[in-house]
> 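One structure follows; several queries about it will come next.
Just so you know, ligand 1 is whichever comes first in the structure, and atom 1 is the first atom listed for that ligand. These numbers were taken from a predicted model, which means no experiment stands behind them.
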Amino acid sequence: MSRSPSLPERPRLELDPDMTPDERLEALREHFKEIVQVNEQLTEQLDAARDRQHDLTDEVDQLERENETLKTSSLYIATAEELTDDGVVVKQHGNNQEVLTEVSPSIRDGLEAGDRVAINDSFGVKQILDPETDARAQAMQVDGSPDVSYSDIGGLEEQIREVREAVEEPLVNADQFREVGIEPPSGVLLHGPPGTGKTMLAKAVANETDATFIKMAGSELVRKFIGEGARLVRDLFELAAEREPAIIFIDEIDAIAAKRTESKTSGDAEVQRTMMQLLSEMDGFDERGEIRIIAATNRFDMLDRAILRPGRFDRLIEVPNPDVEGRERILEIHTQEMNLDDDVDLGAFATETDGLSGAELASLATEAGMFAIRDGRTTVQQSDLHDALEKIEADDDASSVPVAFA
Ligand SMILES: Nc1ncnc2c1ncn2[C@@H]1O[C@H](COP(=O)(O)OP(=O)(O)OP(=O)(O)O)[C@@H](O)[C@H]1O
């Protein structure tokens, strides 16, 4: 390695054998002075080099960080749709653009059709995504055309009317609202006991308006995606904007919007952040076009009132357990594909099912079919319905026995 030209020359000691002792001493003194001088120069240079090294290390760190951000921000999510001899057909999420792209052999080996992948600007597949890491896909259920219609819902005529007015009309007749000069409700909150058809209502309105149905469960945000809640809420609204017209359905909203408790754990802070993100998304919602938002809860009493203010969930619709006519209609709906004996009287049977939810009536119908099968029949009789009711009530009692005695 060549020595840096800017380094000072090494001083040389030249002693002549003819020198007197005094002359020798003088020469040695002179040499010592020169060495001290060179040493000072070298120390200065070393300090300067250290400073420069510091600056360069900072610069390298910054470049590395920038490189890292560039690498991560330029990757998009796509699905590998088909593996062909010419390459892989990938479909980018969001804009649904399909392209044929080449893949390195090492990635190709582990790739299967249907896998989620990360692609760069030029559609090169950079990575196969582990399903576990794809929180957005896991946390949100996206349905382009849900298969529930209003006629599948029993006994909620008034609620259907209200949902149509608050959600369907603003989507279908947006111009009319604009001309009249009124703002449609921002968000609709469905509240009532479990299994009464709240999700069905939200799906039916999406179906009726040809909107994409995007569901997120509040409880999962809190339990499964700890630390990611706020980001996922932002993603939820982004996805809805990409897929508009869209219905956002937030189930179990109480999990992220419960009244504040006294305890101040870090979990509470995280839930709080998720809720603040939801509120800020809703507050900036007017400019978002054809997106409507519906939430559901079984625990209306627990909700933080902040989410019920005007401009947020300002239309409340109660979805109670069905009355006797509702129960008869729900039984009709869930037995319409079943082979019922002539003796079956759903109207009379409905009077005996007071307190059952729509979901319980649906499983009662299936249970009755099971009794018929166990008995070797192909038709369902009134007695099967009674047996099914007894079983469901017994199951209910068992599940409400305190654990210590169960
Ligand atoms: N009113 C109804 N008419 C017809 N079927 C119903 C009705 N309510 C509930 N069901 C049946 O129960 C199932 C569950 O209903 P759904 O998920 O809509 O209830 P939910 O109110 O959203 O419940 P949860 O609060 O537990 O989420 C439905 O798939 C359907 O089979």
> Donor-acceptor check, side chain of Arg292 to backbone of Ala206, threshold 3.5 angstrom: yes or no?
no
> Select one of side chain, backbone, both or neither to describe which atoms of Leu361 lie under 4.0 Å from any atom of ligand 1, heavy atoms only.
neither
> Looking only at distances, can you tell me whether any N or O atom of Ile330, backbone or side chain, sits closer than 3.5 Å to an N or O atom of ligand 1?
no
> In the protein, which heavy atom is nearest to atom 25 (O) of ligand 1, and how far is it?
Asn298 OD1, 3.0 Å
> Does ligand 1 have an atom under 4.0 Å from some heavy atom of Asp152?
yes
> Hey, what's the ring geometry for His386 with Phe349, parallel, tilted or perpendicular (30° and 60° as the breaks)?
perpendicular
> Taking all atoms of both residues into account, what is the closest heavy-atom pair of Thr378 and Asn339, and its distance?
O-ND2, 3.1 Å
> When you measure from the side chain of Asp254 to the backbone of Thr297, do you find a donor-acceptor pair of N or O atoms at a distance under 3.5 Å?
no
> Counting heavy atoms not belonging to Arg305, are there more than 12 under 6.0 Å from its CZ?
yes
> Tell me which part of Ala362 gets within contact of ligand 1: side chain, backbone, both or neither, using heavy atoms under 4.0 Å.
side chain
> To check your reading of the model: name the closest protein heavy atom to atom 14 (C) of ligand 1, its residue, and the distance in Å.
Ala359 CB, 4.1 Å
> Considering only heavy atoms, which of Met200, Lys198, His191, Glu360 lies nearest to atom 29 (O) of ligand 1?
Met200
> Output, in order, the C-alpha distance, side-chain angles, deciding distance and verdict of salt bridge (charged side-chain N to carboxylate O under 4.0 Å, His left out) for Glu165 and Arg161.
CA-CA 6 Å; Glu165 184 185 286; Arg161 194 192 60 70; 3.3 Å; yes
> Can you establish whether the number of heavy atoms outside Phe177 located under 6.0 Å from its atom CZ is more than 12?
yes
> In Å and rounded to the nearest 0.5 Å, what is the OG1 to CD distance from Thr353 to Glu393?
9.0 Å
> Enumerate the atoms of ligand 1 whose separation from the nearest heavy atom of Ile153 is less than 4.0 angstrom.
1 (N), 3 (N)
> Pick whichever of Ala204, Gly155, Gly197 has a heavy atom sitting closest to atom 19 (O) of ligand 1.
Gly197
> Please state which protein non-hydrogen atom is closest to atom 27 (O) of ligand 1 and give its distance, to 0.1 Å?
Asp251 OD2, 3.5 Å
> Identify the closest protein heavy atom to atom 22 (O) of ligand 1: which residue and atom is it, and at what distance?
Thr199 OG1, 2.6 Å
> Within the distance-only criterion (no hydrogens, no angle test), does the side chain of Asp304 pair as donor or acceptor with the backbone N or O of Ala306 below 3.5 angstrom?
yes
> Looking only at non-hydrogen atoms, which of Arg299, Lys203, His334 approaches atom 5 (N) of ligand 1 most closely?
His334
> Could you list the atoms of ligand 1 found under 4.0 angstrom from a heavy atom of Thr196?
1 (N), 8 (N), 9 (C), 19 (O), 20 (P), 21 (O)
> Could you tell me whether Arg374 sits above the aromatic face of Phe371, with NZ or CZ closer than 6.0 angstrom to the six-membered ring centre and within 45 degrees of the axis?
yes
> Starting from atom 3 (N) of ligand 1, locate the nearest protein heavy atom and write down its residue, its atom name and how far away it is, to 0.1 Å.
Gly154 N, 2.9 Å
> Atom 26 (O) of ligand 1: which protein heavy atom is closest, and how many Å away?
Gly195 N, 3.4 Å
